[in-house]
Amino acid sequence: NDGGTFPNAVVHVRFFTLEGERSTFQFEADATYREVPMATHHTHADGTVHDHGAARRFFTVDAVRFDRPGIWLAEFTVRPTSHRSFRVETAFMVQTGSTAPLSGELVPAVSNPTRHDVVDLREITSVANPIEGMYDLTVEEAVAAQEPFVVVFSTPLFCGTRMCGPVMEVVAKLYPRYVGRVNFIHIEP
């Protein structure tokens, strides 16, 4: 609750299906601690710039298969090394199929706003220093071009998971290396 992390914690997750007030245990698994390294640029009064290293931290449960749609419950038992163990629960919806395209499926030809549709890029992005080239094409145009492209769906300024900014930073670092060979698109949900 205070924004702290427990990198050395042991996290165990139990999954239940929910039907009304009744929960039915389905399976359990241990979670794996993961980090996404990132750097935050810091500019001094004299104009010198350096990066502060950081990481976004989270736990994942791999190879989980939800065998039926409906409301599920995940019960997390967290055993930190420096605190008392605690338990947290969250409910979530499992759908019949993916709403996002899966590997090998066609990408929906979306006509997202581009920099040509707005007066100011801030109308379509919350990135502090946006790369204009990432707002040149719609997904529809990228699909029609039949060239490789990367689409980033992120809201760096409003991201509740603290992952949008770091993902955008990684893509921004790749942009200069691959521009001209790969089209880049940023879409702010």
Side-chain angles (χ1 to χ4, degrees), residues 3 5 13 29 31-43 49 51-67 69-72 74 90-189:
T5 58
V13 188
T32 303
Y33 177 76
R34 305 205 189 270
E35 289 187 356
V36 175
M38 60 165 281
T40 303
H41 304 295
H42 177 76
T43 306
V49 179
D51 289 342
H52 288 274
R56 296 299 183 232
R57 299 165 179 96
F58 54 96
F59 287 86
T60 62
V61 179
D62 300 325
V64 172
R65 184 173 182 276
F66 300 106
D67 62 353
I71 300 173
W72 285 66
T90 187
F92 57 95
M93 177 64 75
V94 172
Q95 298 183 3
T96 308
S98 174
T99 56
L102 300 174
S103 182
E105 291 183 345
L106 291 177
V107 174
V110 178
S111 185
N112 51 286
T114 68
R115 68 185 180 104
H116 310 291
D117 301 318
V118 296
V119 175
D120 187 333
L121 273 180
R122 288 178 289 197
E123 294 177 50
I124 59 172
T125 183
S126 66
V127 175
N129 298 307
I131 299 169
E132 284 192 10
M134 292 185 69
Y135 306 92
D136 280 338
L137 293 174
T138 65
V139 173
E140 182 177 33
E141 292 166 335
V143 168
Q146 296 186 342
E147 297 171 353
F149 66 96
V150 172
V151 180
V152 181
F153 297 96
S154 69
T155 56
L157 184 63
F158 307 105
C159 185
T161 63
R162 299 182 352 174
M163 287 298 294
C164 296
V167 168
M168 210 44 212
E169 288 177 19
V170 169
V171 174
K173 286 180 180 176
L174 294 173
Y175 182 87
R177 186 186 313 165
Y178 293 100
V179 68
R181 295 183 289 160
V182 176
N183 291 315
F184 288 82
I185 301 170
H186 171 228
I187 298 175
E188 224 28 76

Visitor: Looking only at non-hydrogen atoms, find the nearest pair between Val139 and Asn112 and report the distance.
Guide: N-OD1, 2.8 Å
Visitor: Specify the closest pair of heavy atoms between Val150 and Val182, including all atoms of both residues, with the distance to one decimal.
Guide: CG2-CG1, 3.9 Å
Visitor: Distance check, rounded to the nearest 0.5 Å: Glu105 atom CD versus Leu102 atom CG?
Guide: 4.5 Å
Visitor: List the steps, then state whether side-chain contact (heavy atoms from CB on, under 4.5 Å) holds for Asp62 with Thr60.
Guide: CA-CA 6 Å; Asp62 300 325; Thr60 62; 3.3 Å; yes
Visitor: To check you understand the geometry: which heavy-atom pair defines the closest contact between Glu141 and Asp136, and what is its length?
Guide: OE1-O, 4.0 Å
Visitor: Take atom CG in Asp120; do more than 12 heavy atoms of anything else shown fall under 6.0 Å from it?
Guide: yes
Visitor: Taking Thr138 for the side chain and Ser111 for the main chain, is one N or O donor matched with an acceptor at less than 3.5 Å?
Guide: no
Visitor: About how many Å separate CD1 of Ile124 and CG of Asp117, when rounded to the nearest 0.5 Å?
Guide: 7.0 Å
Visitor: Please check if any side-chain donor atom of Ser154 sits under 3.5 Å from a side-chain acceptor atom of Glu188, or the reverse.
Guide: no
Visitor: Using every non-hydrogen atom in the two residues, find where Thr155 and Ser126 come nearest and quote the distance to one decimal.
Guide: C-OG, 3.8 Å
Visitor: Can you check whether Phe92 and Phe66 have ring centres sitting under 6.0 Å from each other?
Guide: yes
Visitor: If you measure from CE on Met168 to CG on Leu157, what distance do you get to the nearest 0.5 Å?
Guide: 13.0 Å
Visitor: Nearest 0.5 Å, what's the OH-CD1 distance between Tyr135 and Ile187?
Guide: 10.0 Å
Visitor: State the OG1-CG distance between Thr114 and Leu121, to the nearest 0.5 angstrom.
Guide: 9.5 Å
Visitor: If you compare all heavy atoms of Thr125 against all heavy atoms of Val127, which two are closest, and at what distance to 0.1 Å?
Guide: OG1-N, 3.1 Å
Visitor: Minimum heavy-atom separation for Pro101 and Leu106, please, with both atom names.
Guide: CB-O, 3.8 Å
Visitor: Taking atom CZ of Arg34 as the centre, does the number of heavy atoms from other residues, nucleotides or ligands within less than 6.0 Å exceed 12?
Guide: yes
Visitor: In Å and rounded to the nearest 0.5 Å, what is the CD to CZ distance from Glu35 to Phe58?
Guide: 9.5 Å
Visitor: For Glu132, which residues count as a side chain to side chain donor-acceptor pair (under 3.5 Å) partner, sequence neighbours excluded?
Guide: Arg115
Visitor: Under the criterion side-chain contact (heavy atoms from CB on, under 4.5 Å), I'd like the reasoning laid out for Val170 against Val167: C-alpha separation, chi angles, the key distance, then a yes or no.
Guide: CA-CA 5 Å; Val170 169; Val167 168; 5.8 Å; no
Visitor: Would the number of heavy atoms belonging to other residues, nucleotides or ligands and lying under 6.0 Å from CD of Gln146 be above 12?
Guide: no
